[in-house]
Amino acid sequence: MAIIPMWKCDRDGQLFDDKKAAEEHDKLLELAANISHWLEQSVDGIPDEAIEDIGLLMARNKDMLMKAMKGKPEVLLETQQAESAEISDNNDDNKATPISA
């Protein structure tokens, strides 16, 4: 019987077969939790679920946010435009009519 090593993230219980990936995921969740806490303390009136979503969004996109804050704010718009184009491409795929031979 083979033994497969697995690493479990303490924060959400997700399993990884690579220690480095597990540690990166844990750091991402820690950053998201800290961002969420900071938002909760700084801005009144945001629902808890939205705060968590914003924290995760910012943590997952930290490199893009750092570029934007270092003087390239257009990076945020370029990413949004690319996502919009990808969504419209996927919608176009659903409208295709199969051709039978």
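Numbering starts at 1 and runs along the sequence shown.
- Residues L65 and L76 have side chains in contact (heavy-atom distance under 4.5 Å, counting atoms from C-beta outward).
- A 4.5 Å side-chain heavy-atom check between M58 and K62 finds every atom pair outside the cut-off.
- Put simply, the side chain of K72 reaches to within 4.5 Å of the side chain of E74, judged on heavy atoms.
- A continuous path of hydrophobic side-chain contacts links L31 to I51 [ILVMFWY only; heavy atoms under 4.5 Å].
- At a threshold of 4.5 Å between non-hydrogen side-chain atoms, the residues H25 and Q14 count as touching.
- Linking Ile, Leu, Val, Met, Phe, Trp and Tyr residues whenever their side-chain heavy atoms come within less than 4.5 Å places I54 and M64 in a single cluster.
- Here the closest non-hydrogen pair linking C9 and F16 is CB-CE1, 4.3 Å.
- The two atoms that bring I35 and A59 nearest to each other are CD1-N, 4.0 Å, heavy atoms only.
- Environment of CD in E49: sparse, with no more than 12 heavy atoms of neighbouring residues, nucleotides or ligands closer than 6.0 Å.
- Nearest heavy atom pair, residue L56 against residue A32, reads CD2-CB, 3.7 Å.
- No continuous path of hydrophobic side-chain contacts links L57 to L29 [ILVMFWY only; heavy atoms under 4.5 Å].
- Take R11 and apply the side chain to side chain donor-acceptor pair (under 3.5 Å) test, not counting sequence neighbours, and it matches D26.
- With rounding to the nearest 0.5 angstrom, the NZ atom of K19 is 13.0 Å from the CD atom of E24.
- Between M6 and L15, the shortest heavy-atom contact is CE-CB, 3.9 Å.
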